**Q** 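My structure is below; once you've seen it, I'll send some questions.
Computed from a predicted structure; not experimentally measured.
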Amino acid sequence: MKKNKKRILTVIIVCMSLVIVLIAGYQIKENVRINRIVNSHKTEHAEQNNAARSNNENDPEHITTAVQQIMIGTMSNNYDNALQTLLAIKNAGYEAIELNDFMIHKSSLLVKLMTKFSGMPIGNGGKLDWPKLIQESGLKVVSIHSNLGSIENDAKAIADEAKNFGTDTVVITGMYKFDYSSLDDVKELAQRLNQAGKALSEEGIRLLYHNHNVELQKVTSEKTAYDIIIEETDPAYVNFEFDSYWMTDGGSNVPALMEKLGGRMKLWHINDRGYTKSGPYMTPILKENATELGYGNMDLDTLSAIAIKNGVEGVILETHKNWIDNDPIKSLQVSAEYMQEKFGNQENVK
């Protein structure tokens with residue numbers, strides 16, 4: 001009996017040791033890959049991009065161009081790499097970054113695993129000094145993603161953090177473990193959003209709601225959860241950061257939704273969608289994925305025109321994967337060409 005226990009214990013120790021060695025080996029390989037990518041884009045300072053729009057925020061035509069922090073999670077394995085990545089964003093012509101609270105603070109192992117398995121690894125950013133990184137990079141913070149529960153627990157703390165980063169905008173994304181097919185639940189959510197938005201407004205901060213595709217669940221024969229959220233939230237307290245990629249993924253009429261939001265669409269998450277790999281193909285049915293702006297099949301020109309017409313304040317690039325050469329920096333640089341064409345020169349948007 002004792003011998004069997006010893007054998008089992010030995011097997012467990014060997015297996016655990018093997019797992020540790022594999023994880024360490026993977027981490028070393030990943031760090032080498034990240035260092036190589038960052039070094040290929042290395043610069044000592046943020047260069048002036050002449051194509052950028054006026055930085056005068058009082059200009060009524062000014063549209064802030066930004067990158068979502070989730071796109072650079074893998075590049076934030078240490079301070080230097082994070083800074084070089086932010087400088088690359090600035091040099092590509094973007095003015096700002098959109099931060100996530102779970103990426104600028106230490107996150108649990110569960111959050112790290114969830115984001116990694118969903119294709120959005122957050123890296124080691126939670127250990128870094130983001131106020132200092134933002135200051136050194138020369139980027140602005142267009143907004144901070146948080147969650148409804150945190151706002152309900154302490155709206156002032158969330159507002160104070162936003163102010164510390166120089167932004168007046170907090171965004172929450174779709175709820176986890178929430179029934180978007182229930183009319184009653186969605187109506188209740190709308191009221192919670194109103195209350196959270198009011199609490200933030202008293203601190204001088206505004207609240208935006210960011211969609212994915214779950215909001216397209218039907219709650220009546222004619223209306224989706226998103227319809228209810230739009231109709232039952234108070235524009236004085238709740239407005240929107242619209243993600244056209246996920247609404248396209250859900251099969252909605254995206255231009256119609258953008259028109260319905262009108263001036264309540266304060267920020268726009270932009271992405272393209274298509275299949276860009278060369279054939280021949282094993283099947284005539286291809287799985288589309290995120291791709292660089294202008295290289296997919298979404299009618300971004302029409303969507304851009306609607307966004308500009310309705311006074312969108314900021315356009316934020318976000319892709320999670322499928323980057324050119326598995327390099328998010330190269331991907332955002334390519335997408336910057338479309339961003340500058342549509343939002344970089346005032347002459348192009350009149």
**Q** Could you tell me if the side chain of Leu293 sits less than 4.5 Å from the side chain of Lys342, heavy atoms only?
**A**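 Side-chain contact under 4.5 Å: no.
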**Q** Quick check on side-chain contact (heavy atoms from CB on, under 4.5 Å): which of Met265, Arg273, Met298 does Ser244 satisfy it with?
**A**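 Going through the options one by one, the only one that passes is Met298.
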**Q** Check the pair Ser182 / Asp179 against side-chain hydrogen bond (donor to acceptor under 3.5 Å, both in side chains), numbers first and verdict last.
**A** CA-CA 6 Å; Ser182 166; Asp179 188 0; 4.6 Å; no
**Q** Does any N or O in the side chain of Asp234 come within less than 3.5 Å of the main-chain N or O of Ala236, such that one atom is a donor and the other an acceptor?
**A**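 Yes; judged by distance alone, with no hydrogens or angles, the pair exists.
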**Q** Given the rule in the side-chain hydrogen bond (donor to acceptor under 3.5 Å, both in side chains) test, do Asp327 and His41 qualify, once you have shown the distances and angles that lead to the verdict?
**A** CA-CA 10 Å; Asp327 180 347; His41 301 286; 2.8 Å; yes
**Q** Using side-chain hydrogen bond (donor to acceptor under 3.5 Å, both in side chains), reason through Tyr338 and Asp301 one step at a time and then give a plain yes or no.
**A** CA-CA 10 Å; Tyr338 187 90; Asp301 290 351; 2.6 Å; yes
**Q** Checking Lys156 against Glu203 for the salt bridge (charged side-chain N to carboxylate O under 4.0 Å, His left out) test, could you report, in this order, the C-alpha distance in whole Å, the side-chain angles of both residues, the deciding distance, and whether it holds?
**A** CA-CA 7 Å; Lys156 187 178 186 306; Glu203 302 293 335; 5.1 Å; no
**Q** If every non-hydrogen atom of Thr319 is compared with every non-hydrogen atom of Ser331, which pair is closest and at what distance?
**A**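 Minimum heavy-atom contact is OG1-OG, 4.2 Å.
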**Q** Mark yes or no for whether Asn297, through its side chain, and Gly274, through its backbone, hold a donor-acceptor pair below 3.5 Å.
**A**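 No; zero donor-acceptor contacts below 3.5 Å.
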**Q** Output, in order, the C-alpha distance, side-chain angles, deciding distance and verdict of side chain to side chain contact (heavy atoms under 4.5 Å, CB included) for Tyr237 and Leu193.
**A** CA-CA 8 Å; Tyr237 301 127; Leu193 291 172; over 6 Å; no
**Q** Do Asp168 and Lys163 pass the salt bridge (charged side-chain N to carboxylate O under 4.0 Å, His left out) test, and can you show the C-alpha distance, the side-chain angles, and the key distance before you say yes or no?
**A** CA-CA 6 Å; Asp168 65 352; Lys163 292 174 186 177; over 6 Å; no
**Q** With clusters defined by side-chain heavy atoms of hydrophobic residues (ILVMFWY) lying less than 4.5 Å apart, directly or transitively, does Ile270 cluster with Leu139?
**A**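 Same cluster.
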**Q** Grouping I, L, V, M, F, W and Y whenever their side-chain heavy atoms are under 4.5 Å apart, do Ile97 and Met71 come out in a common cluster?
**A**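 Yes: a chain of side-chain contacts under 4.5 Å links Ile97 to Met71.
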**Q** Does any N or O in the side chain of Thr167 come within less than 3.5 Å of the main-chain N or O of Val142, such that one atom is a donor and the other an acceptor?
**A**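 Indeed, once roles are kept as given, a pair shorter than 3.5 Å links the two residues.
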**Q** If you take all heavy atoms of Ala307 and Trp268, which pair is closest and at what distance?
**A**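 Residues Ala307 and Trp268, closest heavy atoms: CB-CE3, 3.7 Å.
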**Q** Show which residues join Ile324 in its hydrophobic cluster (side-chain heavy-atom contacts under 4.5 Å, direct or indirect), or state none.
**A**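 Via sub-4.5 Å side-chain contacts, Ile324 links to Tyr295, Val334.
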**Q** With heavy-atom distances below 4.5 Å as the criterion, would you say the side chains of Met258 and Leu303 are in contact?
**A**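 A side-chain contact exists here, since the closest heavy-atom pair is under 4.5 Å.
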**Q** Indicate yes or no: does Arg206 engage Glu313 in a salt bridge with an N to O separation below 4.0 Å.
**A**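 Between Glu313 and Arg206 there is a salt bridge, with a charged N closer than 4.0 Å to a carboxylate O.
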**Q** For the residue pair Asn153 and Ser150, establish whether any side-chain heavy-atom pair is separated by less than 4.5 Å.
**A**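 No. Closest side-chain heavy atoms not under 4.5 Å.
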**Q** Could you tell me how the ring of Tyr209 sits relative to the ring of Phe240: parallel (under 30°), tilted (30 to 60°) or perpendicular (over 60°)?
**A**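 Perpendicular.
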**Q** Indicate yes or no for a side-chain donor-acceptor contact from Thr220 to the backbone of Glu222 under 3.5 Å, with no hydrogens or angles considered.
**A**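 Indeed, once roles are kept as given, a pair shorter than 3.5 Å links the two residues.
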**Q** State, with a plain yes or no, whether a side-chain heavy atom of Ile144 is found less than 4.5 Å away from one of Val171.
**A**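 In short, these two side chains do not touch, never coming nearer than 4.5 Å.
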**Q** Do Ile151 and Leu207 come close enough that some side-chain heavy atom pair is under 4.5 Å?
**A**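 Side chain of Ile151 against side chain of Leu207, heavy atoms only: contact under 4.5 Å found.
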**Q** If the condition is side chain to side chain donor-acceptor pair (under 3.5 Å), which residues does Asp243 pass it with, not counting sequence neighbours?
**A**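 Partners of Asp243 under the side chain to side chain donor-acceptor pair (under 3.5 Å) test: His210.
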**Q** Output, in order, the C-alpha distance, side-chain angles, deciding distance and verdict of side chain to side chain contact (heavy atoms under 4.5 Å, CB included) for Tyr281 and Tyr275.
**A** CA-CA 11 Å; Tyr281 310 112; Tyr275 192 92; 3.7 Å; yes
**Q** Report yes if some heavy atom in the side chain of Ile104 is under 4.5 Å from a heavy atom in the side chain of Gln69; otherwise report no.
**A**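 They are in contact (side-chain heavy atoms under 4.5 Å apart), so the answer is yes.
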**Q** Quick check: does any side chain N or O of Ser201 sit under 3.5 Å from a backbone N or O of Lys198, one acting as donor and the other as acceptor?
**A**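 Present.
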**Q** Which atoms form the tightest heavy-atom contact between Gln191 and Glu232, and what is the distance?
**A**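 Taking Gln191 first and Glu232 second, the nearest heavy atoms are NE2-O, 3.5 Å.
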**Q** Apply side-chain hydrogen bond (donor to acceptor under 3.5 Å, both in side chains) to His320 and Gln68, showing your working.
**A** CA-CA 10 Å; His320 302 152; Gln68 225 292 330; over 6 Å; no
**Q** Which atom pair, heavy atoms only, marks the closest approach of Ser252 to Leu257?
**A**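 Distance-wise, the nearest heavy atoms are OG-CD1, 3.7 Å.
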**Q** Should the pair Lys132 and Tyr79 be classed as cation-pi, given the thresholds of under 6.0 Å to the six-membered ring centre and 45° from the axis?
**A**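 Cation-pi check for Lys132 and Tyr79: passes.
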**Q** Side chains of Asn271 and Trp246: closer than 4.5 Å at any heavy-atom pair?
**A**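 No, side chains not in contact.
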**Q** Run the side chain to side chain contact (heavy atoms under 4.5 Å, CB included) test on Arg264 and Phe242 for me, step by step, so that the C-alpha distance in whole Å, both residues' side-chain angles and the decisive distance to 0.1 Å come before the verdict.
**A** CA-CA 9 Å; Arg264 295 185 71 185; Phe242 185 71; over 6 Å; no
**Q** Can you establish whether the number of heavy atoms outside Gln135 located under 6.0 Å from its atom CD is more than 12?
**A**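 Counting neighbours around CD of Gln135, 12 or fewer heavy atoms of other residues, nucleotides or ligands fall under 6.0 Å, so no.
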**Q** Check for me, please, whether Ile63 and Ile89 land in the same ILVMFWY cluster - side-chain distances under 4.5 Å, paths through other members count.
**A**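 As far as the 4.5 Å side-chain criterion goes, Ile89 and Ile63 are connected within one cluster.
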**Q** Check whether Thr85 reaches the backbone of Asn81 with its side chain - one donor and one acceptor, N or O, closer than 3.5 Å.
**A**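 Judged by distance alone, yes, a pair lies under 3.5 Å.
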**Q** Using the rule given for side chain to side chain contact (heavy atoms under 4.5 Å, CB included), can you reason through Leu317 versus Tyr94, listing the C-alpha separation, both sets of side-chain angles and the distance that settles it, and then say yes or no?
**A** CA-CA 10 Å; Leu317 177 72; Tyr94 300 92; 3.4 Å; yes
**Q** Between Ser335 (side chain) and Glu292 (backbone), is there a donor-acceptor pair under 3.5 Å?
**A**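 Not a single qualifying donor-acceptor pair exists.
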**Q** According to a hydrophobic-cluster definition based on side-chain heavy atoms being under 4.5 Å apart (Ile, Leu, Val, Met, Phe, Trp, Tyr only), do Ile316 and Ile172 belong together?
**A**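 Each belongs to a different hydrophobic cluster.
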**Q** What I want to find out is whether Arg192 reaches Glu152 closely enough, with some N-O distance under 4.0 Å, to be called a salt bridge.
**A**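 Salt bridge present between Arg192 and Glu152.
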**Q** Compare all side-chain heavy atoms of Asn211 with those of Glu241 and state whether any distance is below 4.5 angstrom.
**A**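 A side-chain contact under 4.5 Å is absent here.
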**Q** Please confirm whether Phe178 and Tyr176 have ring centers closer than 6.0 angstrom.
**A**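 Not close enough - the centres of the two rings lie 6.0 Å or further apart.
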**Q** With clusters defined by side-chain heavy atoms of hydrophobic residues (ILVMFWY) lying less than 4.5 Å apart, directly or transitively, does Val315 cluster with Leu300?
**A**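 Hydrophobic grouping puts Leu300 with Val315.
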**Q** Of the non-hydrogen atoms in Asp272 and Gly294, which two are nearest, and what is the gap between them?
**A**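 What the structure gives for the nearest pair is OD2-N, 2.9 Å.
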**Q** Does any N or O in the side chain of Glu98 come within less than 3.5 Å of the main-chain N or O of Val141, such that one atom is a donor and the other an acceptor?
**A**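 Side chain of Glu98 to backbone of Val141, a donor-acceptor pair under 3.5 Å: no, none is there.
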**Q** Would you name the heavy atoms of Pro328 and Thr74 that are closest together and state the gap between them?
**A**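 Closest pair (atom of Pro328, atom of Thr74, distance): CG-OG1, 4.3 Å.
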**Q** Any donor-acceptor pair under 3.5 Å linking the side chain of Asp249 with the backbone of Tyr245?
**A**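 Such a contact is absent between Asp249 side chain and Tyr245 backbone.
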**Q** Please state whether the rings of His145 and His269 are parallel, tilted or perpendicular, taking 30° and 60° as the class boundaries.
**A**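 Because their plane-to-plane angle is under 30°, the rings of His145 and His269 count as parallel.
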**Q** Any Lys/Arg nitrogen of Lys260 or Asp227 sitting under 4.0 Å from an Asp/Glu carboxylate oxygen of the other?
**A**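 Yes, charged N to carboxylate O under 4.0 Å.
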**Q** Mind checking what makes side chain to side chain contact (heavy atoms under 4.5 Å, CB included) contact with Val219, not counting sequence neighbours?
**A**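 Result, side chain to side chain contact (heavy atoms under 4.5 Å, CB included) vs Val219: Leu183, Val186, Ala225, Ile228.
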